[in-house]
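Letters go in sequence order (proteins before strands), and every chain restarts at 1.
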2 protein chains.
Amino acid sequence: MAIPRAAKTQRRTRIQEEKEERILEAALDVFSQNGFRGATIDQIAEAAGMSKPNLLYYFRTKEAIHRQLIDRVLSTWLEPLRAFDAEGNPESEIRSYIRRKLEMARDFPRESRLFANEVLQGAPHIEDELKGPLKALVDEKAEVIRAWARSGKITKCDPYHLIFSIWSTTQHYADFDVQVRAVLGQDYAGEGRFEDAARFLEQLFIDGLRARKA
Amino acid sequence: MAIPRAAKTQRRTRIQEEKEERILEAALDVFSQNGFRGATIDQIAEAAGMSKPNLLYYFRTKEAIHRQLIDRVLSTWLEPLRAFDAEGNPESEIRSYIRRKLEMARDFPRESRLFANEVLQGAPHIEDELKGPLKALVDEKAEVIRAWARSGKITKCDPYHLIFSIWSTTQHYADFDVQVRAVLGQDYAGEGRFEDAARFLEQLFIDGLRARKA
DNA sequence: CGATAATTTGACCGCTTGGTAAAACATTAC
DNA sequence: GTAATGTTTTACCAAGCGGTCAAATTATCG
């Protein structure tokens, strides 16, 4: 007799790992494009190339897929902010943070949209993560920025809103991709917009934050 | 015998106007929180305080409600950008643009989220609007900004990405409201965050764009 | 090999969904 | 008033939904 769910076994088989991977990959596609409510198990199953009951053998519920997806993505998503180094040079720290966030928007747009969908719809599944680990990390880095400002390395500014503005400007290129493309027009077929965006944003933030003599 | 749909009559009755208004108001709530696919007619009907068939007497389909909502909101949404004046002082134009966009994020977050949901999910219903009227408007204002840069009133920068960055930073406070609140914490009960954001963004953009001597 | 555990399938269930039909009810115009 | 029009309700449907079940199939291990 089969043990009810693969997940209950201690050792995971090769097949389990493969299939769960395929499911999460497919789910990322579907959830990021439709949000949690808008996504259906059938869609995910089809995208993963398996039948619905088969998919439900690996994940008991739609929520379980979503939760695991979020958990997995969240930590890598915050990686760039974690790398923010108090000892480093403020200008180059900010510059490379912007660059890394832009690279993520370019290379992992689905992950960005997954979160955007979630937060936009009230973050019903990740409120705790936002108020806990995320807030803690931001608080920590805000203190770093504040210290830089105190020591005159950058101009005085609200560190929280600085972080928000870096998040929003960079993620915009993933989350609002369709709009960005529509406005820039066809001539922007390639990914040159990311380079242009990087140039612009670095200029904006670096010059905007440079400590002023006056 | 009743004419199939109220909409077919030439003159709209008082009741029609009232009810359609109530429906659109309710739909704004529901669509902005759940996206198109995630929203249900029943939800909208309940929020509007009427039965589903009654609602469907005024709007034949879910799409029809959504379309009308988008149409109505789109024009008012772009109003601030339209107000961008080539003859005005660049600094104050940009400053007041930022301020107006922030006010809209504060006062009309549902409208912002309606669009965000739509664009995020690939803009299936408004692609034409984006590529047409929106692009045209942005192209026009980009030229204004470019002219300012040419005449040395602001520093040289990519006007499109400048506009994107103003959009994203301001709308962030509507679209990612839950996250902003979570990170800022309880002490931010009121709406002071909008004032802080305004201060920060004005500083960032004005100082970041100020024409440099070097 | 054979036994046992893991995986896959097809049939199904109860609920929700977008939408319809027709009749009951209300309003307006004359 | 009454007839025509406009509005609302009740009952309903077919498709889609998340999820279950038991049987069939396949992989694994001694």
Side-chain angles (χ1 to χ4, degrees), chain A residues 1-24 26-27 29-31 33-70 121 124-125, chain B residues 1-24 26-27 29-31 33-69 117 121 124-125:
Chain A
M1 243 150 287
I3 283 165
R5 298 288 162 179
K8 285 201 176 170
T9 57
Q10 219 57 339
R11 230 172 100 49
R12 309 174 61 234
T13 71
R14 194 192 74 257
I15 289 185
Q16 267 173 50
E17 276 180 40
E18 266 179 36
K19 292 290 168 76
E20 286 179 14
E21 205 48 50
R22 260 169 58 195
I23 293 171
L24 289 172
D29 261 1
V30 177
F31 280 132
Q33 204 160 66
N34 301 100
F36 182 78
R37 284 214 52 180
T40 74
I41 298 183
D42 297 77
Q43 275 179 301
I44 298 171
E46 178 169 359
M50 64 182 76
S51 68
K52 180 166 61 171
N54 196 183
L55 181 152
L56 286 165
Y57 171 72
Y58 293 101
F59 292 89
R60 269 203 267 285
T61 63
K62 184 172 140 181
E63 274 212 49
I65 312 174
H66 191 254
R67 208 178 2 256
Q68 184 151 338
L69 203 51
I70 293 250
Q121 309 193 354
H125 305 92
Chain B
M1 243 150 284
I3 283 165
R5 297 287 162 179
K8 286 202 177 171
T9 56
Q10 219 57 336
R11 233 172 99 50
R12 307 174 65 233
T13 71
R14 194 192 74 258
I15 291 184
Q16 267 173 52
E17 274 179 41
E18 267 179 35
K19 293 290 168 74
E20 287 179 13
E21 205 50 49
R22 263 171 55 196
I23 292 170
L24 289 172
D29 261 0
V30 176
F31 280 132
Q33 206 162 63
N34 301 99
F36 183 77
R37 284 216 52 179
T40 74
I41 298 183
D42 298 77
Q43 275 179 302
I44 299 170
E46 178 168 0
M50 65 181 77
S51 69
K52 178 167 63 169
N54 196 181
L55 181 151
L56 285 165
Y57 171 71
Y58 292 102
F59 293 88
R60 268 204 267 283
T61 63
K62 185 172 140 181
E63 274 212 49
I65 311 174
H66 191 255
R67 207 175 6 251
Q68 183 151 338
L69 203 52
N117 259 304
Q121 308 192 355
H125 305 92

Stepwise, does the side-chain contact (heavy atoms from CB on, under 4.5 Å) test hold for B:F59 with B:I41?
CA-CA 10 Å; B:F59 293 88; B:I41 298 183; over 6 Å; no
Closest nucleotide among C:dT7, D:dT8, D:dC21 to the A:P53 side chain:
D:dC21
note: B:E20, atom CD; D:dT8, atom C1'; distance rounded to Å ~ 15 Å
Please state how far atom CZ in A:F31 lies from atom C1' in D:dG18, giving the value in whole angstrom units.
12 Å
For the side chain of B:K19 and the backbone of B:N54, is there at least one donor-acceptor N/O pair under 3.5 Å apart?
no
C:dT7 phosphate, OP1 or OP2, under 4.0 Å from A:N54 side-chain N/O
no
Using a cut-off of 6.0 Å, state whether more than 12 heavy atoms not belonging to B:E46 lie near its atom CD.
no
Taking atom P of C:dT20 as reference, at what distance in whole Å does atom OH of B:Y58 sit?
17 Å
Could you report the tightest heavy-atom contact between A:R37 and B:T40, atom names first, then the distance?
NH2-CG2, 3.7 Å
With respect to the phosphate group of D:dT8, does any side-chain polar atom (N or O) of B:S51 fall under 4.0 Å of OP1 or OP2?
no
Is the distance from OP1 or OP2 of C:dT7 to the nearest side-chain N or O of A:Q16 less than 4.0 Å?
yes
For a quick test of reading the model, state the closest non-hydrogen atom pair linking B:V30 to B:A39 and the distance between them.
CG1-CB, 3.5 Å
Heavy atoms under 4.0 Å is the rule here; annotate nucleotides 13-18 of chain C 5' to 3' with B where the base is hit, S where only the sugar-phosphate is, and - elsewhere.
----SB
Over all heavy atoms of both residues, which pair between B:A27 and B:I65 is shortest? Give the atoms and the distance, please.
CB-CG2, 3.5 Å
Separation of atom CD in B:E17 from atom C1' in D:dT7, rounded to whole Å:
16 Å
Nearest-Å distance, NZ (B:K19) to C1' (C:dA26)?
11 Å
Output yes when at least one side-chain N/O atom of B:Y57 is less than 4.0 Å from OP1 or OP2 of D:dT7, else no.
yes
